[in-house]
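Values below: all heavy atoms of this structure, side chains included; hydrogens, waters and symmetry mates excluded.
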Amino acid sequence: MSWITSIVLVTAEPAHIDTLARDLAQVDGVRETYLVAGGSPDIVAIIRTSTHDEIADLVTGVINKLDGVTRTETKIAFRRYSKEEEGAAFEAFGD
């Protein structure tokens, strides 16, 4: 199965940031959540779904309705780069 990875930038009410990050981590489809510094957004959530419709349902139907969310912005990843994958490719050719 091919997965679609999305990055959801979440702005939250200050009093809810920590609890909201924990709540987000428990939502089906959310793989990871990060508290981030430096202003808005307050939380970054990484989600993986099998369809674009699932992204829409998850963000608008679940994440946006969590207590403390004031705004979300969703980025859909279209290409992935990984240091680990790059190293594995070179190992296949030897030293």
Side-chain angles (χ1 to χ4, degrees):
M1 173 183 284
S2 180
W3 292 101
I4 301 167
T5 300
S6 299
I7 298 93
V8 182
L9 308 175
V10 181
T11 303
E13 295 173 8
H16 295 274
I17 293 171
D18 191 56
T19 302
L20 180 57
R22 292 172 198 269
D23 291 347
L24 271 169
Q26 301 306 310
V27 172
D28 286 339
V30 175
R31 300 294 296 253
E32 302 169 87
T33 60
Y34 298 91
L35 292 178
V36 294
S40 184
D42 303 299
I43 303 165
V44 174
I46 308 300
I47 64 174
R48 289 205 178 88
T49 60
S50 58
T51 69
H52 288 93
D53 286 338
E54 288 177 318
I55 296 167
D57 292 343
L58 184 58
V59 174
T60 61
V62 179
I63 293 174
N64 278 337
K65 292 180 179 178
L66 290 173
D67 193 32
V69 173
T70 59
R71 181 176 188 277
T72 61
E73 183 176 339
T74 304
K75 307 292 185 180
I76 298 175
F78 64 91
R79 185 171 293 149
R80 178 179 184 265
Y81 297 92
S82 168
K83 188 175 189 177
E84 291 79 21
E85 289 175 358
E86 181 180 303
F90 285 109
E91 287 176 14
F93 294 105
D95 287 330

Novice: Tyr34 and Ile46: which non-hydrogen atoms are nearest, and at how many Å?
Specialist: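 Reported closest heavy-atom pair: CE1-CG1, 4.1 Å.
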Novice: State, with a plain yes or no, whether a side-chain heavy atom of Arg71 is found less than 4.5 Å away from one of Val10.
Specialist: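 When only atoms from C-beta onward are counted, Val10 and Arg71 do not touch, as no gap falls below 4.5 Å.
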Novice: List the atom of Thr70, the atom of Glu13, and the distance in Å for their closest heavy-atom pair.
Specialist: CG2-CG, 3.5 Å
Novice: Does the side chain of Val44 reach to within under 4.5 Å of the side chain of Thr33, using non-hydrogen atoms?
Specialist: no
Novice: Give a yes or no on whether Val69 and Val36 share a hydrophobic cluster (residues Ile, Leu, Val, Met, Phe, Trp, Tyr; joining criterion: side-chain heavy atoms under 4.5 Å apart).
Specialist: no
Novice: Taking the side chain as C-beta and beyond, is there a heavy-atom pair between Leu20 and Asp67 under 4.5 Å?
Specialist: no
Novice: Roughly how far, to the nearest 0.5 Å, is the CD1 atom of Ile43 from the OG1 atom of Thr72?
Specialist: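 Separation between the atoms: 11.5 Å.
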Novice: Less than 4.5 Å apart, side chain to side chain, heavy atoms only: is that true for Asp18 and Leu35?
Specialist: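 Yes - at least one pair of side-chain heavy atoms lies under 4.5 Å apart.
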Novice: Consider side chain to side chain contact (heavy atoms under 4.5 Å, CB included). Of Thr51, Thr49, Ile55, which one does Asp53 pass it with?
Specialist: Thr51
Novice: For the atom pair NE2 (His52) and OG (Ser6), what is the distance rounded to the nearest 0.5 Å?
Specialist: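 Separation between the atoms: 7.0 Å.
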Novice: Provide the closest heavy-atom pair for Lys65 versus Thr60 in the form atom of the first, atom of the second, distance.
Specialist: CE-O, 3.9 Å
Novice: Can you tell me how far the CZ atom of Arg80 sits from the CH2 atom of Trp3, to the nearest 0.5 Å?
Specialist: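 The CH2 atom of Trp3 is 14.5 Å from CZ of Arg80, to the nearest 0.5 Å.
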Novice: Starting from Leu66, can I reach Ile17 by hopping between I/L/V/M/F/W/Y residues whose side chains sit under 4.5 Å apart?
Specialist: yes
Novice: Are the side chains of Val8 and Val59 in contact, using a 4.5 Å heavy-atom criterion?
Specialist: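 Result yes, sub-4.5 Å side-chain heavy-atom pair found.
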Novice: Are the side chains of Leu9 and Thr11 in contact, using a 4.5 Å heavy-atom criterion?
Specialist: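 Counting from C-beta outward, Thr11 and Leu9 never come under 4.5 Å.
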Novice: Evaluate the side chain to side chain contact (heavy atoms under 4.5 Å, CB included) criterion for residues Val27 and Leu58: first the C-alpha distance (whole Å), next the side-chain angles of each, then the deciding distance (0.1 Å), finally the verdict.
Specialist: CA-CA 9 Å; Val27 172; Leu58 184 58; 3.5 Å; yes
Novice: If I compare all heavy atoms of Asp42 with all of Ala12, which pair ends up nearest, and what's the gap?
Specialist: OD2-N, 2.7 Å
Novice: Nearest 0.5 Å please: distance from the CD1 atom of Ile47 over to the OG1 atom of Thr74.
Specialist: 6.5 Å
